[in-house]
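One-based numbering, in listed order, for ligands and for the atoms of each.
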Amino acid sequence: MFEKFTDTAVVSNGVKMPCIGYGTWQTPDGETAKNCVKTAIELGYRHIDTAAAYGNEASVGEGIRESGVKRDELFIATKHWISERGYEKTIKAVEDSLTRLGLDYLDLYLIHWPMVQKINENWEEINADTWRGFEKMYKDGKIRAIGVSNFLPHHLESLKKNSTIAPMVNQIEFHPGYSQKEVVDYCKKEGILVQAWSPLGSGAVLKDEFLAGIAAKYNKSVAQLCIRYAIQNDIVPLPKSTNAERIADNMKVFDFSISAEDMEKIANMDVLGYSGFYPDDAPADVLYG
Ligand code: A2P
């Protein structure tokens with residue numbers, strides 16, 4: 001388990017990933033994204049997570065440059081969007097993200113959403129084709145680690161049959177009230193590192209009284225409890241905040257430990273704060289561009 005903010009997770013190819021990332025989903029492009037990323041890095045974050053679909057890669061890149069921290073001290077992740085599926089388009093998508101970010105390599109690149117049966121019966125072939133583009137860019141040294149996001153075990157099983165390099169990461173929605181035990185267990189068994197998007201349930205779980213009661217016991221906020229919950233599951237959380245104080249608060253999760261009993265209670269909570277985006281059944285505009 002991670003013991004301090006500067007600890008790293010190690011993915012299957014040996015690449016080290018800082019154990020808490022700064023999330024940028026829903027962070028407005030422009031000054032906000034630039035300043036937030038710069039602030040996060042100044043406060044000590046070394047891992048930044050964005051995506052082509054967030055529409056803020058260029059501003060995230062500016063924030064990175066303005067922080068003045070050297071590129072090799074940072075871990076920068078972005079994601080491939082659904083409209084770029086397929087081998088050739090994927091290669092171009094990587095180049096486009098690099099251009100927008102102003103970088104010459106990525107630390108991590110993820111397939112943002114799997115193609116699924118409901119949308120296209122050739123879903124397995126489409127995912128495999130996209131992945132071949134990932135493998136090529138990985139072998140060419142443009143990306144240090146490759147993975148997926150929102151993949152369920154059967155999507156990962158399919159990719160395993162149709163690829164030569166296994167995904168190193170699966171970034172999924174994970175927070176109290178949505179612990180996705182089956183996906184997490186599968187990934188751990190397969191040596192795939194799990195990252196948590198919306199570790200605070202996009203803010204939706206923060207007012208929950210049951211969680212507030214547990215957090216109070218440890219003199220912590222519910223946000224800190226949620227981040228710690230991911231850490232104690234060996235999951236890398238990617239909390240997002242546009243507020244400097246909260247960005248700093250979200251780092252302070254290494255001076256307490258959630259008891260085994262409370263971990264169990266949180267793991268068994270009813271569904272709470274779920275985005276509604278189930279990979280096999282998300283709205284078509286999420287899965288099919
Ligand atoms: P804000 O950006 O105004 O701080 P998630 O990371 O699960 O997507 O959640 C992000 C949401 O949680 C945002 O609405 C963010 O608001 C809020 N948030 C982030 N950190 C904290 C915190 N420490 N306390 C309260 N709310 C937070």
Side-chain angles (χ1 to χ4, degrees), residues 5 17-51 53-56 59-60 63 75 77-79 110 112-113 149-150 169-180 183-184 194-216 218-233 235-256 258 266 269 271-278 282 286:
F5 187 78
M17 171 196 297
C19 69
I20 295 183
Y22 176 69
T24 63
W25 180 38
Q26 293 173 331
T27 299
D29 189 32
E31 286 297 299
T32 306
K34 180 184 82 175
N35 291 332
C36 285
V37 166
K38 188 176 166 213
T39 300
I41 296 173
E42 282 167 359
L43 286 166
Y45 286 79
R46 291 293 176 268
H47 173 175
I48 310 291
D49 178 84
T50 183
Y54 300 170
N56 58 18
S59 311
V60 166
F75 186 97
T78 191
K79 306 180 198 79
L110 305 175
H112 206 144
W113 287 94
S149 184
N150 302 304
V169 171
N170 189 14
Q171 185 181 123
I172 58 170
E173 179 175 356
F174 175 91
H175 51 78
Y178 202 64
S179 295
Q180 300 219 59
V183 185
V184 171
V194 179
Q195 295 184 316
W197 64 262
S198 279
L200 317 177
S202 287
V205 306
L206 299 179
K207 289 201 164 57
D208 182 69
E209 281 182 18
F210 168 71
L211 290 173
I214 297 182
Y218 300 104
N219 263 324
K220 288 284 169 181
S221 67
V222 176
Q224 288 164 328
L225 180 80
C226 292
I227 296 167
R228 181 76 200 177
Y229 175 62
I231 296 285
Q232 286 188 217
N233 275 295
I235 290 174
V236 171
L238 308 165
K240 170 259 171 189
S241 174
T242 47
N243 173 285
E245 209 174 304
R246 292 194 282 277
I247 296 173
D249 281 349
N250 294 345
M251 303 167 74
K252 295 173 194 154
V253 296
F254 295 95
D255 54 357
F256 77 113
I258 306 171
I266 299 171
M269 280 175 73
V271 172
L272 174 72
Y274 165 49
S275 67
F277 293 155
Y278 188 68
V286 171

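- Close contacts of ligand 1 with G201, meaning ligand atoms under 4.0 Å from a residue heavy atom, involve 7 (O).
- If you look at P199 next to ligand 1, the close heavy atoms, those under 4.0 Å, come from the backbone and the side chain alike.
- Proximity of a side-chain donor or acceptor of Q195 to a complementary backbone N or O of L238 within less than 3.5 Å is not detected.
- At under 3.5 Å, a nitrogen or oxygen of R246, whether backbone or side chain, sits near a nitrogen or oxygen of ligand 1.
- Among protein heavy atoms, atom 26 (N) of ligand 1 sits closest to L206 CD1, 3.3 Å.
- In terms of protein heavy atoms, atom 19 (C) of ligand 1 is closest to K240 O, 3.1 Å.
- Any N or O atom pair closer than 3.5 Å counts here, and T242 shares at least one such pair with ligand 1.
- Taking the six-membered ring for Trp and thresholds of 30 and 60 degrees, Y274 and Y178 have nearly parallel ring planes, at less than 30 degrees apart.
- Under the 4.0 angstrom criterion for non-hydrogen atoms, P239 is in contact with ligand 1.
- Between D49 and K79, at least one side-chain N (NZ, or NE/NH1/NH2) sits under 4.0 Å from a carboxylate O, which counts as a salt bridge.
- A donor-acceptor pair is defined here as one N or O able to donate and one able to accept, closer than 3.5 Å; such a pair exists between the side chain of N243 and the backbone of E245.
- Proximity of S198 to ligand 1, defined as any heavy-atom pair under 4.0 Å, is shared by backbone and side chain alike.
- Here the protein heavy atom with the shortest distance to atom 14 (O) of ligand 1 is S202 O, 4.2 Å.
- Remark: the N170 side chain and the S149 side chain contain no N/O donor-acceptor pair separated by less than 3.5 Å.
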If you apply the rule side-chain hydrogen bond (donor to acceptor under 3.5 Å, both in side chains), what do you find for S275 with E173, and how did you get there? CA-CA 8 Å; S275 67; E173 179 175 356; 2.5 Å; yes
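- The shortest heavy-atom distance from G23 to ligand 1 is not under 4.0 Å.
- Within the 4.0 Å heavy-atom criterion, the part of N250 lying near ligand 1 is the side chain and not the backbone.
- For ligand 1, one of its N or O atoms has an N or O atom of L200 under 3.5 Å away.
- With contacts defined as side-chain heavy-atom distances shorter than 4.5 Å, the pair Y54/V60 does not qualify.
- Heavy-atom minimum distance, P237 versus I227: CG-CG2, 3.8 Å.
- Note: F174 and Y229 have parallel aromatic rings, judged against thresholds of 30 and 60 degrees for the angle between ring planes.
- The shortest N or O to N or O distance between S241 and ligand 1 is under 3.5 Å.
- Every atom of ligand 1 is numbered from 1 in the order shown, and the set under 4.0 Å from a heavy atom of A223 is 22 (C), 23 (N), 24 (N).
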